[in-house]
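Predicted model only: the values in this text are computed from it and were never measured.
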Amino acid sequence: MTVRRIILTCGEPAGVGPELAPQALASGVDFAWMGDPRHLPAGTAFTEIARPDDPVPAGHLPVLRHDFAVPAVPGRPDPANAAGVIAVIARAVDLVSAGQAAGICTLPISKQALKEGAGFAFPGHTEYLAHLAGGVPVAMMLASTTVEPPCRVVPATIHIPLQDVPAALTDGVLEQAIRITHAAMIRDFGIAAPRLAVAGLNPHAGEGGTMGRQETDWMAPLLARLRAEGFDLSGPLPADTMFHAPARTRYDAAICAYHDQALIPIKTLDFAGGVNVTLGLPFIRTSPDHGTAFDIAGKGIASPASTIAALRMARDMAVARA
């Protein structure tokens, strides 16, 4: 099935993003890069386009030009470019919301640089995209692309201190993560009857209340109520036995209690092929599962594997939605 182009946003121009864009052409995914052409590696063959689907010569990077305040120096983010980074994300959302692109794949940003240079008030990409979409509830999924059975994880709580997790992990928070994941597995991954596994908070899922009572006091009743609605749920399960290959055959996605419970397994199983997906948005958004990598920016050694995986997943999600 033919789908419209994916927009690859430039991210932080002093990071590895600009050098990954031309390398990602090898992926075979039809995408357009949005950013300032001055930030691309010297010698990059590109063609500026006015609309995401405009044709370009074979082997050329389609570029939706967006001028930044100053040229970028690899490894040295400039606060003057912070507003440009933010504007590119907003412009990409406008285009995909208008139906001119199939989805967005975002290259990494520097939250510190955006805060210092433009007073960026959001913890990261995900929260800003949810804001641009009208404040819709979202969830973060990390999905593997090179291991079988697949590993797909959704942390119910994300970037908070571990000591704050027990209070933050409420029945409402967990239910929202389950519902968003269930809907996304149907809409974006083409799984008609998703099987979801839910990890307990405590060791051994509380061991019947001897190692913590969250599982028995409210997690098990919540899952029972959702099963009565027709959800295919297993859990609360001991997290330490959820992620080996035979266990992963029994579910399509795992809902985890906190950040590291979800991300350690997938980064161990598929470090280079993991993709960050924002679930719950009205448009498709994926991202490579790495940061700006200022320490290697401009050296030509950054791997495009995760960016290519993210582009391919965005395309596959677009096909599923179509």
Side-chain angles (χ1 to χ4, degrees), residues 6-21 32-40 64-98 101 103-142 155 157-161 164 168 259 263 275-298 302 306-307 310 314:
I6 304 297
I7 295 176
L8 180 64
T9 60
C10 62
E12 168 54 57
V16 294
E19 60 197 271
L20 295 176
W33 181 78
M34 183 183 290
D36 191 326
R38 295 178 299 170
H39 298 159
L40 292 169
L64 290 160
R65 180 170 181 163
H66 196 100
D67 291 336
F68 277 51
V70 296
V73 178
R76 295 170 55 188
D78 192 321
N81 281 331
V85 173
I86 298 167
V88 162
I89 300 168
R91 181 181 167 198
V93 168
D94 286 344
L95 288 172
V96 74
S97 298
I104 302 169
C105 180
T106 60
L107 287 169
I109 59 175
S110 168
K111 292 177 279 293
Q112 179 180 350
L114 296 188
K115 184 176 181 180
E116 293 177 354
F120 192 60
F122 299 90
H125 255 127
T126 300
E127 294 82 2
Y128 184 48
L129 290 167
H131 166 74
L132 293 174
V136 297
V138 297
M140 180 179 80
M141 171 182 279
L142 275 294
T157 65
I158 308 178
H159 297 122
I160 60 174
D164 296 341
H259 183 276
L263 271 62
V275 175
N276 186 337
V277 186
T278 304
L279 308 181
L281 292 170
F283 50 84
I284 292 164
R285 183 265 174 152
T286 66
S287 177
D289 184 25
H290 61 70
T292 53
F294 288 132
D295 57 324
I296 61 170
S306 189
T307 297

Practice item. Would you check if Leu64 and Leu95 make a side-chain contact, meaning some heavy-atom pair closer than 4.5 Å? Key: yes
Revision key, fill the gap. In terms of heavy-atom contacts, Ala133 and Leu281 come closest through CB-CD2, 4.0 Å
**Study point:** Nearest non-hydrogen partners of Glu19 and Gly298, listed with the distance
**Key:** OE2-N, 2.7 Å
Review point. Looking only at heavy atoms, which two atoms of Tyr128 and Ala90 are closest? And how far apart?
Key: OH-CB, 3.7 Å
Check your understanding: Within a strict 4.5 Å, meaning less than it, do heavy atoms of the Thr126 and Ile158 side chains meet?
Key -> no
Check your understanding: Relative to the ring of His259, is the ring of His159 parallel (under 30°), tilted (30 to 60°) or perpendicular (over 60°)?
Key -> tilted
Practice item. Kindly compute the distance separating CG (Leu129) from OG1 (Thr278), expressed to the nearest 0.5 Å. Key: 6.0 Å
Point to revise | Reported CG-to-OG1 distance for the pair Leu8 and Thr286, which is rounded to 0.5 angstrom | key: 8.5 Å
Review point. Between His125 and Leu107, what is the shortest heavy-atom contact and its length?
Key: CE1-O, 3.3 Å
Check your understanding: Taking Thr106 for the side chain and Ser287 for the main chain, is one N or O donor matched with an acceptor at less than 3.5 Å?
Key -> no
Review point. So how far is it from Lys111 NZ to Glu12 CD, rounded to the nearest 0.5 Å?
Key: 11.5 Å
Check your understanding: Which heavy atom in Pro18 sits nearest to a heavy atom in Leu40, and how many Å separate them?
Key -> O-CD2, 3.7 Å
Practice item. Looking only at non-hydrogen atoms, find the nearest pair between Ala130 and Val138 and report the distance. Key: CB-CG1, 3.9 Å
Practice item. Show your reasoning for whether side chain to side chain contact (heavy atoms under 4.5 Å, CB included) applies to Thr9 and Ile104. Key: CA-CA 7 Å; Thr9 60; Ile104 302 169; 4.0 Å; yes
**Study point:** Note, Met140 side chain near Pro155 side chain (heavy atom, < 4.5 Å)
**Key:** yes
Revision key, fill the gap. Interatomic distance, CZ@Phe120 vs CD@Glu127, rounded to 0.5 Å, equals 8.5 Å
Review point. Does the side chain of Pro288 reach to within under 4.5 Å of the side chain of Cys105, using non-hydrogen atoms?
Key: yes
Review point. Taking the side chain as C-beta and beyond, is there a heavy-atom pair between Val85 and Phe68 under 4.5 Å?
Key: yes
Exercise for review: Can you tell me which residue pairs pass the side chain to side chain donor-acceptor pair (under 3.5 Å) test with a partner in residues 74-96, sequence neighbours excluded?
Suggested key: His66-Arg91
Check your understanding: Going from CE on Met34 to CD1 on Ile89, what distance comes out if it is rounded to the nearest 0.5 angstrom?
Key -> 10.5 Å
Check your understanding: Would you say His290 and Pro108 make side-chain contact, with heavy atoms under 4.5 Å?
Key -> yes
Review point. Are the side chain of Arg285 and the backbone of Val93 linked by a donor-acceptor contact shorter than 3.5 Å?
Key: no
